[in-house]
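Written out below as structure tokens is the structure these notes cover.
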Amino acid sequence: MDFQLSEDQRALRAGIRGLLAGRFDRDRMRAAHERGGGVDRALWRELGAAGFFALRLPEATGGVGLGLPESVLMFEEVGRALLPGPLAATQLAAGVVKGAAEGEAVVALAEAGRPVGHLEEADALLVLDGDRTRLVSGGALRRLVGEAQPVRSLDPGTPLWRVPDLSAYEGEVLPDGARLRCEGALLAAAEQLGSAGRSLEAAVQHAREREQFGAPIGAFQAVKHLCAGMLVRAEPARSAVYAAAVTGDPVEAAAAKLLADEAAVDNARDCLQVHGGMGFTWEADVHLRLKRAWLRSGQWLTAADAEEVLAAGLG
Amino acid sequence: MDFQLSEDQRALRAGIRGLLAGRFDRDRMRAAHERGGGVDRALWRELGAAGFFALRLPEATGGVGLGLPESVLMFEEVGRALLPGPLAATQLAAGVVKGAAEGEAVVALAEAGRPVGHLEEADALLVLDGDRTRLVSGGALRRLVGEAQPVRSLDPGTPLWRVPDLSAYEGEVLPDGARLRCEGALLAAAEQLGSAGRSLEAAVQHAREREQFGAPIGAFQAVKHLCAGMLVRAEPARSAVYAAAVTGDPVEAAAAKLLADEAAVDNARDCLQVHGGMGFTWEADVHLRLKRAWLRSGQWLTAADAEEVLAAGLG
Amino acid sequence: MDLAYTEEEEAFRARLREWLGSVLPGLPAKPDPGDWPGRRAYDAGWQRLLYDAGYAGLHWPADAGGRGATPTQHLIFLEETERAGAPYVGANFVGLLHAGPTIAAEGTAEQRARWLPPVLRGEEMWCQGFSEPDAGSDLASLRTRAVRDGDDYVVSGQKIWTSHAEVADWCELLVRTDAQAPKHRGISWLAMRMDAPGVTVRPLRTLAGSTEFAEMFLDEVRVPVSHRVGAENDGWRVTMVTLSFERGTAFVGEVVACRRTLDALAAEARRNGRWDDAVLRRRLGRLSAEFRALWRLTQWNVSEAQASGGVPGIGGSVFKLRYSHVRQELYEAAAEVLGAGDALDLDREWVLDRLSSLSYTIAAGTSQIQRNIVAERILGLPKGR
Amino acid sequence: MDLAYTEEEEAFRARLREWLGSVLPGLPAKPDPGDWPGRRAYDAGWQRLLYDAGYAGLHWPADAGGRGATPTQHLIFLEETERAGAPYVGANFVGLLHAGPTIAAEGTAEQRARWLPPVLRGEEMWCQGFSEPDAGSDLASLRTRAVRDGDDYVVSGQKIWTSHAEVADWCELLVRTDAQAPKHRGISWLAMRMDAPGVTVRPLRTLAGSTEFAEMFLDEVRVPVSHRVGAENDGWRVTMVTLSFERGTAFVGEVVACRRTLDALAAEARRNGRWDDAVLRRRLGRLSAEFRALWRLTQWNVSEAQASGGVPGIGGSVFKLRYSHVRQELYEAAAEVLGAGDALDLDREWVLDRLSSLSYTIAAGTSQIQRNIVAERILGLPKGR
């Protein structure tokens, strides 16, 4: 048993982190959110070129040939950078949807009863609708887009559309729907994990620098313990996400999603609290993380569903 | 509108507090718990003589002629003193069960599916069994006692018995069962309130006196904020209990029970935490309050039932 | 303990209800949140109606032009206006609830005569210049300085979280007049004209996307010394006086509104089927207990203020700690009622409220600061650490 | 990242399982909790079996008589013994996990030869005399004093929370040897015979009604200077060395046991019908996520220790904070599964565990202290306040 990251895994993580630092620094992140969070096609292609979407396709078919653990490490980084876009759905569709692997295509996620993010930009739609998981594209997709209504999105990084009953739109049914849902949940959980980690770092940095009552606020137990609580939320979630990526077990993935959702949301809230009034401004980044964390909590597998999956696995 | 206690109410409270300080000080409280928490008949009679049980009977029939608000103030005091015994059931049965008003009789509470406290000492049993609220006494009670099994009670102040199916024991059906349940819940809530207040006082006292790392532990925010949280739990619960006593509204009583149960249990737990290792010893009083608070949380109206009552009242 | 209202109180309520019923239908349409002049006109109009009907400055002392109402009457006023959907105090907030009472208590006769009547009539609006970005929770460490120059102070610095700065005529300003004194002892309270040269207002966008607040930059703004209320360097005490007007009524309207929201959430859950989810249903039931208790605690605090004559109540910290938390819970429950889809739609009711609710544990004293206050001033735990 | 165990590790597990299967059925009946001599004999017997089978001191270095097993092997050992229902380490706890490793790391050759073999063979039991009633969380403020008198220290003071004091042969004792030095610099580590004159043990009853712990009163107890491990006044550092043996394995058995308890709770809820309560069912589901994560975090910490060679891991504080809380939650859920009736019956499974669980957020560093450690030592926040 070796739960440590391998050299290759560390290098992979450093690579994507470097790419994002260069191509999606804070200014660009803010700019992307100010313009409504559409997908940056050039960056999408760069990610494609770096193997982000093709990561798990076999080398024989032009993929990188890596596994779910490596995907999870990459998604943690895009979550940390708050990169907008349907990253999980696109990676899952790589090898099925033309151009997805290369970053030429954007594959959005559509779930029954929920608004669809990035619909207008989507080249295909991964539809989770009851037990039928399918890809909707071409004419059906155009028809769907035509009938969709834009939603004033809570998340400035994710344009949303309200769509009609999804069952009316046919597409290529995917045989391994259960696996896709499980993996989608896990990749979203990894993004949540990255977000939770970033919130913790931001809180700690602020607590070290901000002075009140003659001392850095991080010297006060109230603030100190908020920060400690954030780490205590993030670390078990991290173990759960990484382990589920290794085992691919759906019950473990449910645990990972549940804990990572909670870590992302609650760490963002605590980070906001540590920042005080400044955390309540639009200028601060923390609200962007909170809103995205709320969005992702409602995707792939909700807390209620995860708890039922976990309960069913007991006894 | 005047939510302040009247002069008479203050005097009443001072009276019972004085009586308990004289007759049930800490040494006697500990002794009562060491011997298994049976009812002290002499003290019971003294409470009777002081009008505790007859408080709400009309003066014309020898009662004190006061109302539910005064009862609640008295029960808060017995809760604070951690007096064992089925006080609520006995007060509710005063005027119906012979001797209850005078403190000559002990009326225990029996609820379907739960162990009965003080069964062996009971002169009558107030049975809450489905919608039929009745008083079981005499032969039926003796038969029931004969078939009961003693339980090793979690609460050292309350001897418990497991009883057979209550429906087999007939008794005088009381016409106002709903009112009795509501009032019982409220009196129990008042006891919980007293317990919550006492836990807060004990925590604050310890936090002021105990020194660690060169300062009273109450100077550390972690401890300070635990104590503040205890007050923030107790005060809204107090308002809810007092108000429900004034209005007699069953939904308000449900709110009162829910919040008072939580205040009693969580304040005891926080008090224990403030006391550190010493709080974990048998010598400390806090565990006695916690155990009684757990017991009372399961009596009259549980949290789940209270939440449903409150939800039903919405919308 | 008597929760029934007196005949006099009920009569007050009945008259108020009747008046509200007669006047509210004739109000103009509510202005757009971004239309500041429209908002000012709307709020001014409402205040004028209150004035003409005898409800302006209800809780102000009679000798300041107020009605000298009891805390209970004030509670009834706030409860009924909220129930009836009357306009909020809006741009009159600082004038009626902070600056006005401060001037009434600490101002000279001339200052009272100059500033109070226009507030009551809705003719002049005030804003508050207390908070500073670098001071934060440590309000008394404010750095905006005022240097005496003849009959003026020359004021420079930066303020933040100023509501209605765009339309206010006056600003109640805390400035440092003695940099050498201990921080609470070198502060003075000034009334500053918002159109004075050197005052720049910049809207501050919150995470809810709104611009309810502003930053205010002061660059050598001249404020006459005669506009100082109270003695020089005594501004901290002068400001604290305002708090003595807090008689437990600060959140009456909000608690009434929260209870209405909770009922609406239950109705919506029954409609959309989520009522069948026991976890959600019981959560709403629990919130009902919380808001019922908070309503009763409000009555308790008001009653206490009435009995004690309105002495500053630190009991407000207990209320605020619980209320802030529970109101955030309310909107988390709202998101559950809406479901994973609708909770993301800013045009759906409750979604913006959920965002706004994030400030409750921060604004007007963070929960961390409030816990210190409760622990030290109510429970008597030692200061320190 | 590879959660699969190596062939070698699987072989170790298979051999262990086989051995457990062969030896456990032949164990004597477990003694009554109040029967101290019986408990000592039982624990000693089990340790002797481990010794004979080559499992004694599994994680001790080979040069101390141990097996030099990797942290992963130790994890497997703890997991399998817990799964198989093997006896707990019991009265051998301090010897095997605290005093022994300290002597192995810091003792002289003579000290190692004298004290370590009897621990491994289950012939001598140790207890721990660190905590004091007045020191509490501030362990280093301990006041039990040792005064040099010829070749002896004369020790007087009071210790608390001493497990197995009734049956221990030796006590690892922290004493103050320099009252003038800063508190961490005047402490020494002594090995004290429990049958020395002046040692009085008094059982300490916990709120669970048990007497697992004792108080220990020391009245001019003579301890030979040769029984000091490490230099005089260097005892704090010597003690901290023990912590370096913490390789993430401290709670392996407990986490395995908690997961089994959670499964049993679900089975009981299905049996008694409470499984239909969605609130309870989802609560159990959530606990499943927590314990799954804690198991993975355990593997993570063990793996980290293995990679880093077992350097002291403050990551243990993160684990303990979460675990303490979740384990308390587990027994709160157990009370819900039992229902308002059975949860009051001390003879029902889980009820005493619920009481014991109240100590988790206090013992071995309160949650408050753990949060300080996490914030200051892991997150690098300033000391202070």
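In this text the structure is predicted, and so the values were computed from the model without any measurement. Letters go in sequence order (proteins before strands), and every chain restarts at 1.
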Is it the side chain or the backbone of [X] that comes within 4.5 Å of chain D heavy atoms, both, or neither?
X        : value
A:Glu262 : side chain
A:Ala306 : neither
A:Gln9   : side chain
A:Asp305 : neither
A:Leu200 : side chain

Using non-hydrogen atoms only, which part of [X] is less than 4.5 Å away from chain A: side chain, backbone, both, or neither?
X        : answer
D:Gln299 : both
D:Trp295 : neither
D:Ala4   : backbone

If you count heavy-atom pairs under 4.5 Å with chain D, which of A:Ser6, A:Ala240, A:Pro236, A:Ala255 comes out on top?
->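 Of A:Ser6, A:Ala240, A:Pro236, A:Ala255, A:Pro236 has the most heavy-atom pairs under 4.5 Å with chain D.
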
What residue, out of A:Ala304, A:Ala254, A:Ala245, has the most heavy-atom pairs lying under 4.5 Å from chain D?
->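 Sorted descending by pairs with chain D, the first entry is A:Ala304.
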
Between [X] (side chain only) and [Y] (backbone N and O only), is there a donor and an acceptor less than 3.5 Å apart?
X        : Y        : result
A:Arg208 : D:Gly380 : yes
D:Arg322 : A:Val232 : yes
A:Lys224 : D:Pro382 : yes

Separation of [Y] [atom2] from [X] [atom1] (nearest 0.5 Å):
X        : Y        : atom1 : atom2 : answer
D:Glu290 : A:Leu310 : CD    : CG    : 10.5 Å
D:Leu321 : A:Arg233 : CG    : CZ    : 12.0 Å
D:Arg282 : A:Glu308 : CZ    : CD    : 6.5 Å
A:Phe3   : D:Thr298 : CZ    : OG1   : 10.5 Å
A:Glu235 : D:Ser317 : CD    : OG    : 12.5 Å
A:His225 : D:Arg371 : NE2   : CZ    : 6.5 Å

State, to 0.1 Å, how close [X] and [Y] come at their nearest heavy-atom pair, and which atoms those are.
X        : Y        : result
D:Leu379 : A:Val204 : O-CG1, 3.5 Å
D:Ala289 : A:Leu259 : O-CD1, 3.6 Å
D:Arg270 : A:Ala312 : NH2-O, 3.8 Å

Chain A interface, residue from [options] that has the most non-hydrogen pairs under 4.5 Å:
options                                : answer
D:Phe319, D:Tyr5, D:Trp300             : D:Trp300
D:Ala293, D:Ala264, D:Ser303, D:Ala266 : D:Ser303
D:Leu75, D:Leu3, D:Thr72, D:Asn301     : D:Leu3
D:Ala278, D:Ala267, D:Ser288, D:Ala269 : D:Ser288

Do the non-hydrogen side-chain atoms of A:Leu258 and D:Arg292 ever get within less than 4.5 Å of each other?
->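 Counting from C-beta outward, A:Leu258 and D:Arg292 never come under 4.5 Å.
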
side-chain contact (heavy atoms from CB on, under 4.5 Å) between D:Asp2 and A:Met1, intermediate numbers included = CA-CA 6 Å; D:Asp2 184 2; A:Met1 188 207 59; over 6 Å; no

Does A:Glu209 CD have over 12 foreign heavy atoms under 6.0 Å away?
->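 Result for CD/A:Glu209: enclosed.
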
Evaluate whether atom CD of D:Glu8 has more than 12 neighbouring non-hydrogen atoms of other residues, nucleotides or ligands under 6.0 angstrom away.
->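 Counting neighbours around CD of D:Glu8, 12 or fewer heavy atoms of other residues, nucleotides or ligands fall under 6.0 Å, so no.
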
